[in-house]
Amino acid sequence: MRLVLVQVVALKPESATESARPVRHAEVVLFQPQGEVGARALVNLASAAVEQVIRLDGSQVPMTREDLADAFQLALRNEEVLKILGPTAKSYQVQSMSLTGTATPMENSVTGLRVRSSDEHDPCFKHRCLQLAFRRGRDFLSGPMIIADLTAKRVYVERKKQQ
Amino acid sequence: MKSSCARQVFFLLLAEIVLSLLASAQTPPPWMPCSGANLVDQSFPTAGPEVTHWRLCWDTVPGNGLLIRWAYFRKSPTSNWLFLLWDARLSEIFVPYHTGSPRYYDVEYMFPLTPVGAQDCPAAVGGTVFGGNVCKQVHDRGLAWKSDNDVRRGEELILWSALAAAWYNYVIEWTFRDDGVVIGRVGATSSNSPSDPWETHMHNPIWRLDVDLNGWPNDSVALGTHIESLPGPSATDMEPVFTVEAGLPWDPHAFNSLNVSDKFLKNGKGDQAEYQLIPLPTGGLSRHLEAFTQQDFWVTHYNWTEMSARDLLSYITPPEPVADTDVVLWYKGSIHHHPRDEDGEIVNGYWHGVALVMWTGFMFKPHDLFDRTPFYP
């Protein structure tokens, strides 16, 4: 089970006659990679009670650095990817962030963007897919798209036709 | 000589008493759910006696970036503080490429913020850096009004940060002007896609604005609509009220706006006060295959679980009533990025270059809130 996010949320008092102070809660999103199910729980911070739990399917759960790390590991097991990255493949590190939520500058880093397909025959129509981007200093590795399908545990290397 | 000096002291004391009475006549600041750097309290003008005043909270969240949690506006020192925003944030940035693939959802990966430092946010332009990733700027905003020889320059408070979304940076900017106007903008910049650096694509930021004008109950939304009686010479303006949740397109010929009112909020002339959401497109507004991109405006009933623009169609199915209640506005802007040679080039297998910032956004503007133009003598 993974903790995806925990953040304080301010809910409005139900009655308009109450003071305008928000009711302090925490929103907690959890994700179980096996089975790809998630949950959003609403915790009342005053009473320390879980007030509401909503089931989420995998497509509704935001992706995190842990997904990126999984995607990178999948990519490193793909021969085509290793060929593209060359001898520097192992020098890339998953992009990290500071406690204040700021991206940490790194020389060789891998980041990702969530992709969804509009074609229902494409695995990424429903699967949790992340396109990887490899950065060296200021510049990004050009060439084919490397997409990690975290649901199917596969990597797709796609070359686009030049426009 | 002695009498003149006593008179001076008397008038000085009198002036001090009058000033302290005026100060005590100000409405006290409202309680806020934040403190420290996250609480922004800004009166205008920045020099001289206060005319208007903003008091708001900001926060940063991975993925959504910089958001506004509460915002109050006071239109004069003796007016009540007006509650305006409960929560204002970017809900999604959807980026489809022209060939149909890829289609990125840039808020659904919990991106960090870029570092922000003194070079991004120089003190010389009224900048203050918070936490190494947020910039506050307070400065001149150009002409507020001009009337022959009379003129007034306005001022504004800007909060901004930038999402580090792989090769993109998204600048998320919130502006609070001295005249009560709020502007939300997103700027797309940094690098073209290294896989498809020459493929045209669209960046579609979708904002979720939990507007609570004068508090959360009793709000309604009307569609500001201008109609020319072509081929005739006359024109009319209408404001049909939303009775139920809906999504609808923005028609530039109709000057559509989403006009929020609270049934108890009137100005000193007895007129219904409104805040109007006015699109500020740059070039146009896109349409794509996905249902949530096929409208520009959405009006929904408040529900804390409804935060994702991608699910908008399900939020309005079946449609709930939205008149005289707690409403949420959604607006989709678009940035059409047709890559240019200036954007960069491939050097030794790596994409090297930077794309200039391209903006889109909206204005949230008071209408009949003041009794007269603020900052006019």
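Here the structure is a predicted model, which means the values were calculated and not measured.
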Q) Between B/T325 (side chain) and B/V322 (backbone), is there a donor-acceptor pair under 3.5 Å? A) no
Q. Looking at side-chain heavy atoms only, is the closest gap between A/S142 and B/H352 below 4.5 Å?
A. no
(Q) Under a 3.5 Å cutoff, is there a donor and acceptor pairing between the side chains of B/D106 and B/Y170? (A) yes
**Q.** Proximity breakdown for B/N303 and chain A, heavy-atom pairs closer than 4.5 Å
**A.** neither
Q | Which atoms of B/D87 approach chain A - backbone, side chain, both or neither, heavy atom under 4.5 Å | A | neither
(Q) Has B/T200 got a side-chain atom pairing as donor or acceptor with B/H98's backbone, closer than 3.5 angstrom? (A) no
Q | B/W54/B/F73 aromatic ring centres below 6.0 Å | A | yes
**Q.** CH2-SG distance between B/W160 and B/C121, expressed to the nearest 0.5 angstrom
**A.** 6.5 Å
**Q.** chain B interface, residue from A/R138, A/E158, A/R114, A/R24 that has the most non-hydrogen pairs under 4.5 Å
**A.** A/R114
Q. Heavy-atom distance under 4.5 Å to chain A: side chain of B/P102, backbone, both or neither?
A. both
Q. What part of A/V4 gets closer than 4.5 Å to chain B, counting heavy atoms only: side chain, backbone, both or neither?
A. both
Q: Spell out, as yes or no, whether a donor-acceptor pair under 3.5 Å connects the side chain of B/T27 to the backbone of B/N80.
A: no
Q: For the residue pair B/D343 and B/N192, confirm or rule out a side-chain donor-acceptor distance under 3.5 Å.
A: yes
Q: Determine the option with the most heavy-atom pairs under 4.5 angstrom with chain B, choosing from A/L68, A/D119, A/T104.
A: A/L68
Q. Checking B/S191 side chain against B/V354 main chain: does a donor-acceptor pair fall under 3.5 Å?
A. no
**Q.** Carboxylate-amine/guanidinium contact B/E108 B/R310, below 4.0 Å
**A.** yes
Q) Relative to the ring of B/W81, is the ring of B/Y72 parallel (under 30°), tilted (30 to 60°) or perpendicular (over 60°)? A) perpendicular
Q.
If we define contacts as heavy-atom pairs under 4.5 Å, which of A/I147, A/T111, A/D139, A/L130 has the most with chain B?
A. A/D139
Q: Heavy-atom distances under 4.5 Å only: say whether A/I54 touches chain B with side chain, backbone, both or neither.
A: side chain
Q.
Any non-hydrogen side-chain atom of A/F31 less than 4.5 Å from a side-chain atom of A/T64?
A. no
Q. If you tally heavy-atom pairs under 4.5 Å against chain B, which of A/L5, A/V9, A/D67, A/L42 wins?
A. A/L42
**Q.** Interchain contact, B/D212 with chain A, by part (heavy-atom threshold 4.5 Å)
**A.** side chain
Q | Top contributor to chain A interface from B/T305, B/D196, B/T114 [non-hydrogen pairs under 4.5 Å] | A | B/D196
Q: With a 4.5 angstrom heavy-atom cut-off, could you sort out which part of A/R40 is near chain B: side chain, backbone, both or neither?
A: side chain
Q) Looking only at heavy atoms, which of residues 73-99 of chain A get nearer than 4.5 Å to chain B? A) A/Y92, A/M97
Q. Is it the backbone or the side chain of B/V61 that comes under 4.5 Å from a heavy atom of chain A, or both, or neither?
A. side chain
